[in-house]
Amino acid sequence: MLNILANERWVQSGVTIAGGNGKGADTNQLNRPYGFCIDEDQTVAIADCDSHRIVQWKKGEANGQIVAGGNRAGNRLDQLHCPTDVLIDKETDSFIICDRENRRVARWLRKTDTTEGEILLDDIDCYGLAKDDQRYLYVADYKKHEVRRYRAGDKNGTLVAGGHGRGAGLHQLNMPRYLFVDRQQTVYVSESDTHRVMKWKQGAKAGIVVAGGQGEGNALTQLASPRGIFVDALSTLYVADSKNDRVVRWSQRAHQGTVIVGGNGRGTGQNQFNWLMGLSFDRHGNLYVVDHNNHRVQQFSLE
């Protein structure tokens, strides 16, 4: 896990490393991007929802490369329909994709001649994905309000969070979005409709609120429709506080968060956002955020 110092700071003006050229389907554009993942060489793969594709952007390049989908919306094996998350499976050298509107999880090999994917899971209302060190796949189902863990080849999975109907109880989830799983197989889940992030320890029957949960709002004790999340080696939580257009850091057992970037009003400036989605860090500690309605991915370097 990434070790980030407790007093670490990031520059307040971001650098656009993907998109930022208006809404569109050209190779230098994005169209309402959602989740993403980062490889060790800072290559970013982005779920470009409204262009129905996964776009890979190498560091410093002006244009991305379509690595999955991009053949309009559809349910053929060479198509995607509004993907919302993507991760890299190093063991199979492939992308695992949450193909949301097709209600399936697909795998596309990272080879340059790959023209279609294979279906890993279907009949699932997926939104966010994660993998742990034991290669288990975790999927957030935003209609069943649950998270399941899958072993390779398993179609049913094991319930690890929620699964007790939609609600705000500690044993429930309410529109789960994005996931993070640590080395102890603890599952962190962002919930858009209860404006909180929950932590579910392995085998737990109920979760713990680790951020928000105080109703929708912009106080430092609150979140507003959170999306992307990341947890570092100190168990510090980082949240894309989507509707508040800011990234907030919550230290372990903290009662309120600290804004680390954004929070400067909604807009197109390099220190502003317009509805956040995915969030992650590279191995150097640089922060990356999907700026959904500005159709770009922003990088914030360490100071």
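Just so you know, these numbers come straight off a predicted model, no measurement behind them. The chain is numbered in sequence order, starting from 1.
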* To do: Applying side chain to side chain contact (heavy atoms under 4.5 Å, CB included), run through Leu120 and Ile96 and close with a yes or a no.
  => CA-CA 9 Å; Leu120 298 181; Ile96 298 178; 4.2 Å; yes
* Is the closest side-chain heavy-atom distance between Asp78 and Thr115 below 4.5 Å? -> no
* Shortest non-hydrogen contact from Ile97 to Pro83? -> CG2-CB, 3.9 Å
* Asked: Do any N or O atoms from the side chain of Asp132 and from the backbone of Arg135 form a donor-acceptor pair under 3.5 angstrom?
  -> yes
* **4.5 Å side-chain heavy-atom contact, His295 and Arg32** => yes
* Asked: Is there a side chain to side chain contact (heavy atoms under 4.5 Å, CB included) between Thr92 and Arg107 once you walk through the steps?
  -> CA-CA 10 Å; Thr92 60; Arg107 175 165 57 205; 4.0 Å; yes
* Same apolar cluster (I L V M F W Y, side chains within < 4.5 Å links), Trp250/Val289 -> yes
* Distance under 6.0 Å and angle within 45° of the ring axis: does Arg177 meet both against Tyr142? -> yes
* What's the shortest heavy-atom distance between Leu109 and Thr114, and which atoms? -> O-OG1, 3.1 Å
* Side chains of Leu223 and Val197 in contact at under 4.5 Å (non-hydrogen atoms) -> yes
* Side-chain heavy atoms under 4.5 angstrom apart, residues restricted to Ile, Leu, Val, Met, Phe, Trp, Tyr: same cluster for Phe300 and Leu2? -> yes
* To do: Heavy atoms only: give me the nearest Val55-Arg53 pair and the separation to one decimal.
  => CG2-NE, 3.2 Å
* Check against salt bridge (charged side-chain N to carboxylate O under 4.0 Å, His left out), Asp123 and Lys155 -> CA-CA 10 Å; Asp123 192 28; Lys155 300 295 184 181; over 6 Å; no
* To do: For Glu146, check side-chain contact (heavy atoms from CB on, under 4.5 Å) against everything at least two apart and list the hits.
  => Asp141, Lys144, Arg148, Leu159
* Counting only N and O atoms by type, is there a donor-acceptor contact under 3.5 Å from the side chain of His292 to the main-chain atoms of Pro33? -> yes
* **Test salt bridge (charged side-chain N to carboxylate O under 4.0 Å, His left out) applied to Arg76 and Glu116, step by step** => CA-CA 8 Å; Arg76 299 193 313 255; Glu116 63 180 39; over 6 Å; no
* Validation row: Val160, Trp200 side chains within 4.5 angstrom (heavy atoms) -> no
* Chi angles and distances behind the side chain to side chain contact (heavy atoms under 4.5 Å, CB included) call for Phe36, Trp57 -> CA-CA 11 Å; Phe36 72 106; Trp57 229 287; over 6 Å; no
* Compute whether any side-chain donor of one residue and acceptor of the other, for Asn264 and Gln272, lie under 3.5 angstrom apart. => no
* Check the hydrophobic clustering (I, L, V, M, F, W, Y; side-chain heavy atoms under 4.5 Å; chains of links allowed) and say if Tyr136 and Val189 are grouped together. => yes
* Reference residue Asn174; test side-chain hydrogen bond (donor to acceptor under 3.5 Å, both in side chains); the match among His145, Glu191, Arg196, Arg166 -> Arg166
* Structure fact -> In short, Cys98 meets Leu129 closest at the heavy-atom pair N-CD1, 3.4 Å
* Structure fact -> Paired with Asp182, the side chain to side chain contact (heavy atoms under 4.5 Å, CB included) test is passed by just one of Lys199, Lys201, Gln202, Met1, namely Met1
* Main-chain N/O of Gly228 paired to Ser190 side chain as donor or acceptor, under 3.5 Å -> no
* Taking atom NE2 of His255 as the centre, report whether more than 12 heavy atoms of other residues, nucleotides or ligands fall under 6.0 Å from it. => no
* Asked: So, the side chain of Asn274 versus the backbone of Asp291: is there a donor-acceptor pair under 3.5 Å, distance only?
  -> no
* Mind telling me whether His164 and His171 have parallel, tilted or perpendicular rings, with 30° and 60° as the class edges? => tilted
Could you list the donor-acceptor pairs under 3.5 angstrom formed by side chains in residues 7-16, with sequence neighbours left out?
from	atom 1	to	atom 2	distance (Å)
Arg9	NE	Glu303	OE1	3.4
Trp10	NE1	Gly285	O	2.9
Gln12	NE2	Trp10	O	2.9
Gln12	NE2	Ile260	O	2.9
Thr16	OG1	Gln298	OE1	2.6

* Can Trp275 and Ser242 be said to form a side-chain hydrogen bond (donor to acceptor under 3.5 Å, both in side chains), step by step? -> CA-CA 5 Å; Trp275 199 270; Ser242 185; 3.1 Å; yes
* For residues Gln79 and Asn71, report the shortest heavy-atom separation together with the two atoms involved. => NE2-O, 3.0 Å
* Asked: Is it the case that one hydrophobic cluster holds both Val67 and Leu80, taking links as side-chain heavy atoms less than 4.5 Å apart, direct or via other members?
  -> yes
* With Arg104, the salt bridge (Lys or Arg N to Asp or Glu O under 4.0 Å) member among Asp125, Asp99, Asp122 -> Asp99
* Pairwise distance OG(Ser280) to CG(Leu87) - rounded to 0.5 angstrom -> 11.0 Å
* To do: Mark yes or no for whether Gln222, through its side chain, and Gln214, through its backbone, hold a donor-acceptor pair below 3.5 Å.
  => yes
* Ile4 reachable from Tyr188 in the ILVMFWY side-chain graph, under 4.5 Å edges -> yes
* Structure fact -> For His195, the ring pair (Phe, Tyr, Trp, His ring centres under 6.0 Å) test, sequence neighbours excluded, returns none
* What distance separates Ile17 CD1 from Thr43 OG1, expressed to the nearest 0.5 Å? -> 9.5 Å
* Side-chain H-bond candidate by donor/acceptor type, Asp85 with Tyr127, under 3.5 Å -> no
* Structure fact -> Ser51 and Gly24 have their tightest heavy-atom pair at OG-O, 3.7 Å
* **Contact check, side chains of Ile229 and Leu179, non-hydrogen atoms, under 4.5 Å** => no
* Would a 4.5 Å heavy-atom cut-off, applied to side chains only, mark Phe281 and Ile38 as touching? -> no
* To do: Walk me through it: do Lys59 and Asp41 pass the test salt bridge (charged side-chain N to carboxylate O under 4.0 Å, His left out)?
  => CA-CA 8 Å; Lys59 182 181 179 181; Asp41 62 357; over 6 Å; no
* Asked: Are Arg227 and Asp241 close enough, and set up right, to give a salt bridge (charged side-chain N to carboxylate O under 4.0 Å, His left out), and what steps lead you there?
  -> CA-CA 7 Å; Arg227 291 301 199 270; Asp241 191 9; over 6 Å; no
* Please report the C-alpha distance between Glu40 and Asp282 in whole Å, then the side-chain angles of each, then the deciding distance to 0.1 Å, and finally whether the side chain to side chain contact (heavy atoms under 4.5 Å, CB included) criterion is met. => CA-CA 7 Å; Glu40 292 178 355; Asp282 64 24; over 6 Å; no
* Structure fact -> Partner of Val247 under side chain to side chain contact (heavy atoms under 4.5 Å, CB included), picked from Val261, Val259, Thr258, is Val261
* Establish, for the pair Arg246 and Phe273, whether the NZ or CZ atom is under 6.0 angstrom from the six-membered ring centre and no further than 45 degrees off its axis. => no
* Asked: Would a 4.5 Å heavy-atom cut-off, applied to side chains only, mark Glu216 and Lys243 as touching?
  -> yes
* Asked: Does a side-chain heavy-atom distance below 4.5 Å link Val147 with Leu173?
  -> yes
* Asked: So, Asp232 versus Tyr238: side-chain donor-acceptor pair below 3.5 Å or not?
  -> yes
